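Everything quoted here is computed from the prediction, not taken from an experiment.
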Amino acid sequence: MRHVKSSTDDLLAEIEIFAPKAEAAWAALQRQYTSRITEAEIDHLFACFVLGLTSPAYAEREPALHFDVCRALAAVKLPPERVHAALYTVPEPTQPWLASAYALIESQGAKMGRALQETTSNFEDLTAGADAATERPGNHEGNAK
């Protein structure tokens, strides 16, 4: 019987790449804003960061998959009802700077996402090259004529 990887397995693998950055962003948001803005505003800032962070990797992929990854990453720090609200609702800003902060944190996330994607791509390129070198048998037939 052939083992077929489930979409849950794929999703978990996708999340592992982004989770450390998302967790660091959550900690920074908590540290900086807990006493200054509402919980819903912090949650939405986090959702904006997660969207930006994952956007470079999902720009050419299925939007539903991208949203599933965003939801799963947000769920690492938020309970289900707050995940839904953070992703679907823009809270009424209690501070005038918040409207621009949402876009700014999304763009910061995207910048980190591009750097992460580049690092991951470089690693994959290096390991693919190493794999190809070790898989090639020593074929010298072309040299012996």
Using side-chain heavy atoms (C-beta onward) and a distance below 4.5 Å, is [X] in contact with [Y]?
| X | Y | value |
| --- | --- | --- |
| D43 | W26 | yes |
| L98 | L45 | yes |
| E39 | R82 | yes |

Should [X] and [Y] be regarded as members of a common hydrophobic cluster, given that ILVMFWY residues are connected when their side-chain heavy atoms come within less than 4.5 Å of each other, either directly or indirectly?
| X | Y | result |
| --- | --- | --- |
| L65 | I15 | yes |
| L51 | L87 | no |
| V83 | V90 | yes |

List the atom of [X], the atom of [Y], and the distance in Å for their closest heavy-atom pair.
| X | Y | result |
| --- | --- | --- |
| C70 | T54 | SG-OG1, 3.4 Å |
| A86 | A47 | O-CB, 3.5 Å |
| L116 | I17 | CD2-O, 3.6 Å |
| L73 | A22 | CD2-CB, 4.2 Å |
| I105 | C48 | CG2-CB, 3.6 Å |
| P56 | G113 | CG-C, 3.8 Å |

Does the side chain to side chain contact (heavy atoms under 4.5 Å, CB included) test come out yes or no for Y33 and E41, once each step is laid out?
CA-CA 9 Å; Y33 297 117; E41 290 167 329; over 6 Å; no

If I take atom [atom1] from residue [X] and atom [atom2] from residue [Y], how far apart are they, to the nearest 0.5 angstrom?
| X | Y | atom1 | atom2 | result |
| --- | --- | --- | --- | --- |
| S107 | Y102 | OG | OH | 15.0 Å |
| F46 | E23 | CZ | CD | 8.0 Å |
| R114 | L53 | CZ | CG | 11.0 Å |

Step by step, work out the side chain to side chain contact (heavy atoms under 4.5 Å, CB included) result for I37 and W97.
CA-CA 11 Å; I37 60 177; W97 53 267; 3.8 Å; yes

Going through the distances and angles, do R61 and H66 end up as a side chain to side chain contact (heavy atoms under 4.5 Å, CB included)?
CA-CA 7 Å; R61 294 171 75 182; H66 184 197; over 6 Å; no

If only atom types and distance count, is the side chain of H44 paired as donor or acceptor with the main-chain N or O of T89 below 3.5 Å?
yes

Once the angle between the rings of Y58 and F18 is folded into 0 to 90°, is it parallel (under 30°), tilted (30 to 60°) or perpendicular (over 60°)?
tilted

